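Residue numbering restarts at 1 for every chain, and letters A, B, ... go by the order of the sequence lines. Please read these numbers as outputs of a predicted model, since none were measured by experiment.
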Protein chains: 2
Amino acid sequence: MSATEPRWLDEEQTKAWIALSAVLVELPTALDAQLQRDSGISHVDYQVLSWLSMTPGRAARMSQIAEMAKVSLSHLSRIAARLERQGWLRRTPDPHDGRATLAVLTEAGWDKVVAAAPGHVEEVQRLVFDNLTPAQVRQLESIGHRVLNGVRPGFSLRLPTASPPAD
Amino acid sequence: MSATEPRWLDEEQTKAWIALSAVLVELPTALDAQLQRDSGISHVDYQVLSWLSMTPGRAARMSQIAEMAKVSLSHLSRIAARLERQGWLRRTPDPHDGRATLAVLTEAGWDKVVAAAPGHVEEVQRLVFDNLTPAQVRQLESIGHRVLNGVRPGFSLRLPTASPPAD
DNA sequence: GGCTTTCACTTGCCGTGTCAAGTAGTCTGA
DNA sequence: TCAGACTACTTGACACGGCAAGTGAAAGCC
């Protein structure tokens with residue numbers, strides 16, 4: 001917003017930025033592609049199913065799911081409609097609050113996550129961690145947190161998308 | 001693909017993965033939001049204009065632009081139609097090859113990039129580099145390259161989106 | 001020179017996501 | 001106790017991007 005000369009990136013920053021930009025494009029694409037190919041499911045859909053599978057009772061309110069998956073409530077409503085159509089999820093009004101609706105993972109939904117999870121984690125390992133040293137993994141975490149702090153000063157991290165379905 | 005126990009993430013990996021996942025979601029969103037807010041333009045659109053502004057003659061073939069911006073040709077066709085509607089770009093058949101069409105940045109398009117660039121770089125600095133030490137910038141570059149190598153073994157990096165428009 | 005193939009886009013159709021408006025249930029204060 | 005505000009979604013209209021089919025120009029082939 002200042003009227004002075006913009007702070008252009010220096011050479012080191014430029015190289016890092018090019019690499020980061022490419023990762024920002026390629027990694028989500030690749031992850032999406034694996035899930036689509038091996039399980040016929042999008043990454044967002046997987047995330048919702050996966051998170052629900054790790055939740056006590058395998059159920060949660062729509063707004064709670066939307067927050068953890070970082071999607072708008074209206075978006076989640078469409079996602080839930082899709083998952084419901086596939087038989088992986090059921091929506092019922094919350095008995096404790098008539099305004100809220102609970103999304104419940106069905107047995108078929110549970111099976112879907114259990115089937116999809118190993119392939120997904122394997123892909124994460126292959127694309128990311130197999131190429132990094134243990135030191136770099138720690139560096140990545142630190143860098144990630146610092147960037148997040150820049151993006152969202154009061155940030156809260158959501159659950160991983162590549163954890164084993166807990167029972 | 002193996003029938004054995006999947007390689008679940010260990011604790012360090014999990015922490016790094018959570019941070020990385022969050023960056024993958026939040027950073028593009030934030031960058032898009034800044035451009036939309038301050039210049040009323042999407043990130044892809046900006047990327048195309050920006051890259052064109054750094055190109056000799058401020059013109060290029062559609063397929064060339066599509067490759068650098070990592071978008072499909074059909075997608076670029078829509079983007080170009082949008083930019084043309086705004087008067088920032090003009091499409092003309094390539095005199096050397098009747099099949100190809102050249103996208104040329106107009107004067108208004110050039111002005112648009114020049115106006116948008118400083119704010120965009122400033123946002124990149126603020127969100128990313130202001131939070132990193134010089135050592136972390138170098139680590140980020142190295143990590144980025146290694147991950148890219150996992151995602152796309154024969155990877156080629158495109159130009160930065162946050163460089164000064166060259167004349 | 002004609003015929004087929006390939007290339008460089010463009011376009012129609014469709015699924016996904018966004019924004020704004022709508023609906024229904026719950027709370028709050030006078 | 002009931003009008004108004006608020007909460008928790010849902011839905012309609014629309015923009016965007018993907019895929020496959022279409023179009024027109026160049027290249028190869030004989």
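- Nearest heavy atoms, Trp110(B) versus Ser53(B): CZ3-O, 3.5 Å.
- For the pair His75(B) NE2 and dT16(C) P, the interatomic distance rounds to 17 Å; values are reported in whole Å.
- The 5' end of DNA chain C is approached more closely, in terms of each residue's nearest nucleotide, by Ser72(A) than by the other of Gly98(A) and Ser72(A).
- Side-chain atoms of Gln136(B) come within 3.5 Å of backbone N or O of Thr133(B) as a donor-acceptor pair.
- Scanning both residues, Phe129(A) and Ala16(B), for their nearest heavy atoms gives CE2-CB, 4.1 Å.
- Residues from residues 76-94 of chain A lying near DNA chain D, meaning a heavy-atom separation below 4.0 Å, are Ser77(A), Arg78(A), Arg91(A) in numerical order.
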Heavy-atom protein contacts under 4.0 Å, nucleotides 3-8 of chain D, coded B base, S sugar-phosphate only, - none
----BS
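- A stem is defined here as three or more consecutive Watson-Crick or G-U pairs, each with both distances under 3.5 Å; for DNA chain C these stems are C:1-30 with D:1-30.
- In terms of heavy atoms, Glu12(B) sits closest to Val137(A) at O-CG1, 3.8 Å.
- Shortest non-hydrogen contact noted between Thr106(A) and Arg90(A) is CG2-N, 4.1 Å.
- The side chain of Ser74(B) places no N or O atom within less than 4.0 Å of a non-bridging phosphate oxygen (OP1 or OP2) of dG18(D).
- The closest side-chain donor-acceptor pair between Asp45(B) and Ser42(B) falls under 3.5 angstrom.
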